[in-house]
Amino acid sequence: RGGTGAAPGVLGPAPAAGAPRPFSPAVGLVQLVGVRAAEEFFVAHCGPPSARAGADRDRNGLPLDAVAHLLRGAPRLQLWFLQLMLERRDDLYTSGYCSDNFSLHQLHLELHIRYSVPAKADDAGPSQFLLFLKTILPLGGVRPEIARSLLENERSPRARRRRRFPRELAFLIERYGNGEHDARAVLDLYLEEMGSVPLALAYAQSHPTRSAELWHGLVAWALRKNVDPARLGTLIELGGAYGADLASLVRRMPPGRRIAGCRDKLRTSLGEYRVRVRMYELAAEVRRGDHTAFVGQLARRSRRGTRVDG
């Protein structure tokens, strides 16, 4: 496999290791004017891939695949360019699929695996890699099973560079996986590798068929002796907001387990749970009122006479 992992017919092979890099006008442009100015230039002047440009290639601007080919000697710049097109020129990058689009998306995936920084539990928003997966996978640009296989291979002890992407892999399994094993695998990724109680709790309570089973697994993890007691406190504090079974958690807590602010956390969680229950009750009342009004309206309409001109 070449250095970029792209299809050789579209983007061409990467320079051999140790070979002198040929001059690239795209790399030279970035070095000359800087990243920000180059970003605006590419956004304004890039056009569809070569297979879509056709006879109007000159008028449509620089083909995406041609620019990616010019950046093949600088893979980090190549990743920067493809992510730029995804975020600011999605009209070119994700529409009007052709063979060049698919090759670019496969290249983009492999560059993310090689150079992206894995998402962290406390990140404010999705990582660039996660944004790429959420955008491309529903469109068929990359097959989910291929992306999952590549990420799982990176976790293998035989991999030269073990780059773990637990948040991205959890998204793939959660969205496209199936079965009890996959559900448990997502929970383990959130707990064992990311140490994120909020992500694990949100997943456990949103799972339609296995929420009780996943909740018990989450409680068992939080009650282990080698787990920081603060994690258990977080679970108590957030459980009420998600409608979790706090009674089972309290019953299973071992005697003498010290949790800072446990009483306050329980009080907060129970208050949030009561608010949640009250919201459901009010919503049910509104629904019943709307249903009664609608049935009455139908009854009045059914009794109306119909004028017939003789």
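The figures here come from the full heavy-atom set of this structure, side chains too, leaving out hydrogens, waters and symmetry mates.
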Check: Which salt bridge (Lys or Arg N to Asp or Glu O under 4.0 Å) pairs, counting each pair once, include a residue from residues 182-205, with sequence neighbours left out?
Finding: Arg148-Asp182, Arg155-Glu193, Arg164-Glu193, Arg184-Asp188, Glu192-Arg224
Ignoring hydrogens and angles, write down the donor-acceptor pairs under 3.5 Å from the side chains of residues 22-42, residues two or more places apart or on other chains.
unit_1, atom_1, unit_2, atom_2, d
Ser24, OG, Ala26, N, 3.4
Ser24, OG, Val27, N, 3.4
Ser24, OG, Leu70, O, 2.4
Glu39, OE2, Arg88, NH1, 2.9
Glu40, OE1, Arg88, NH2, 3.3
Glu40, OE2, Arg88, NH1, 3.0

Next item on the list: Taking the side chain as every heavy atom from C-beta outward, state whether Val227 and Leu232 have any atom pair closer than 4.5 Å.
Entry: no
Check: Tell me the salt bridge (Lys or Arg N to Asp or Glu O under 4.0 Å) pairs involving residues 226-242, sequence neighbours left out?
Finding: Glu237-Lys265
Margin query: If you compare all heavy atoms of Val142 against all heavy atoms of Ala147, which two are closest, and at what distance to 0.1 Å?
Written below: CG1-CB, 4.1 Å
Next item on the list: Applying side chain to side chain contact (heavy atoms under 4.5 Å, CB included), run through Ser127 and Val117 and close with a yes or a no.
Entry: CA-CA 8 Å; Ser127 64; Val117 177; over 6 Å; no
Item checked: Arg143, CZ: over 12 other non-hydrogen atoms inside 6.0 angstrom -> no
Checklist line | Pairs meeting criterion salt bridge (Lys or Arg N to Asp or Glu O under 4.0 Å) with involvement of residues 205-216, two or more places apart | finding: none
Checklist line | Donor on one side chain, acceptor on other, Gln78 and Tyr115, under 3.5 Å | finding: no
Notebook entry, point to check: Is a side-chain donor or acceptor of Ser149 paired with a backbone partner of Glu145 at a separation under 3.5 angstrom?
Noted result: no
Check: Which atoms form the tightest heavy-atom contact between Leu77 and Leu71, and what is the distance?
Finding: O-CD1, 3.9 Å
Check: Would you call Arg287-Asp290 a salt bridge at under 4.0 Å N-O?
Finding: no
Margin query: Can you tell me how far apart CG (Leu104) and CG (Leu109) are? Round to the nearest 0.5 Å.
Written below: 12.5 Å
Next item on the list: Evaluate the side-chain proximity of Leu79 to Phe129: yes if any heavy-atom separation is below 4.5 Å, no if none is.
Entry: no
Margin query: Are Leu191 and Ser196 packed together at the side-chain level, in the sense that at least one heavy-atom pair is separated by less than 4.5 angstrom?
Written below: no
Check: Taking ILVMFWY side chains as joined if any heavy atoms are under 4.5 angstrom apart, and letting links pass through other members, which residues group with Leu298?
Finding: Phe294
Check: Is Ile136 reachable from Leu84 through a run of hydrophobic residues whose side-chain heavy atoms are each under 4.5 Å from the next?
Finding: yes
Margin query: Does any part of the side chain of Leu150, heavy atoms only, come nearer than 4.5 Å to the side chain of Glu154, both counted from C-beta?
Written below: no
Next item on the list: Measure the spacing between CZ of Arg72 and CG of Leu107 and express it to the nearest 0.5 Å.
Entry: 12.0 Å
Notebook entry, point to check: When you look at Phe165 and Leu130, which way does the side chain to side chain contact (heavy atoms under 4.5 Å, CB included) test go after all the steps?
Noted result: CA-CA 10 Å; Phe165 293 91; Leu130 191 56; over 6 Å; no
Notebook entry, point to check: Please walk me through it: do His216 and Arg252 pass side chain to side chain contact (heavy atoms under 4.5 Å, CB included)?
Noted result: CA-CA 10 Å; His216 289 306; Arg252 294 174 62 180; 3.5 Å; yes
Note to self: Using modelled atom types and a 3.5 Å cut-off, is there a donor and acceptor pairing between side-chain atoms of Thr234 and backbone atoms of Val197?
What the structure shows: no
Note to self: What's the separation between atom CZ in Phe102 and atom CG in Leu139, rounded to the nearest 0.5 Å?
What the structure shows: 9.0 Å
Notebook entry, point to check: Considering all heavy atoms of both residues, which atom of Leu235 and which atom of Ala222 are nearest to each other, and what is their separation?
Noted result: CD2-CB, 3.8 Å
Item checked: Heavy atoms of other groups near Asn178 CG, more than 12 under 6.0 Å -> no
Margin query: What's the separation between atom CG in Leu82 and atom CG in Leu64, rounded to the nearest 0.5 Å?
Written below: 8.0 Å
Note to self: Within the 3.5 Å criterion, strictly below it, is a donor on Glu168 or His112 matched to an acceptor on the partner's side chain?
What the structure shows: no
Anything under 3.5 Å between a donor and an acceptor, one on a side chain of residues 198-206, the other on a protein residue two or more places apart or in another chain? List them.
unit_1, atom_1, unit_2, atom_2, d
Ser206, OG, Ala202, O, 2.9
Ser206, OG, Tyr203, O, 3.1

Check: Is the OH atom of Tyr280 crowded by more than 12 outside heavy atoms at less than 6.0 Å?
Finding: no
Margin query: Please determine whether side chain to side chain contact (heavy atoms under 4.5 Å, CB included) holds for the pair Leu169 and Val186, giving the CA-CA distance in whole Å, both sets of side-chain angles, and the decisive distance to 0.1 Å.
Written below: CA-CA 8 Å; Leu169 181 57; Val186 173; over 6 Å; no
Note to self: Is there a path of hydrophobic side-chain contacts, each under 4.5 Å between heavy atoms, that joins Leu131 and Met85?
What the structure shows: no
Next item on the list: Taking all non-hydrogen atoms of both residues into account, name the closest pair between Ala185 and Ile173 and its distance.
Entry: CB-CD1, 4.4 Å
Check: Rounded to the nearest 0.5 Å, what separation is found between the CG atom of Leu270 and the CD1 atom of Ile236?
Finding: 10.0 Å
Check: Can you tell me if Trp215 uses its side chain to pair, donor with acceptor, with the backbone of Asp245 under 3.5 Å?
Finding: yes
Notebook entry, point to check: So, for Val67 and Cys46, which heavy atoms are closest and what is the spacing to 0.1 Å?
Noted result: CG2-SG, 4.1 Å
Check: Is His108 reaching over with its side chain to a backbone N or O of Ser103, donor-acceptor style, under 3.5 angstrom?
Finding: no
Checklist line | Rounded distance (nearest 0.5 Å) linking atom CZ of Arg167 with atom CG of Asp123 | finding: 9.5 Å
Next item on the list: Spell out, as yes or no, whether a donor-acceptor pair under 3.5 Å connects the side chain of Asp65 to the backbone of Ser50.
Entry: yes
Margin query: Can you confirm whether Ser269 sits close enough to Leu246 that some side-chain heavy atom of one is under 4.5 Å from a side-chain heavy atom of the other?
Written below: yes
Notebook entry, point to check: Taking all atoms of both residues into account, what is the closest heavy-atom pair of Ala119 and Met194, and its distance?
Noted result: O-CE, 4.0 Å
Next item on the list: Would you indicate whether the side-chain heavy atoms of Leu223 and Met253 approach each other to under 4.5 Å?
Entry: yes
Next item on the list: Please answer whether the main-chain N or O of Glu87 pairs with a side-chain N or O of Asp90 as donor and acceptor at a distance below 3.5 Å.
Entry: no
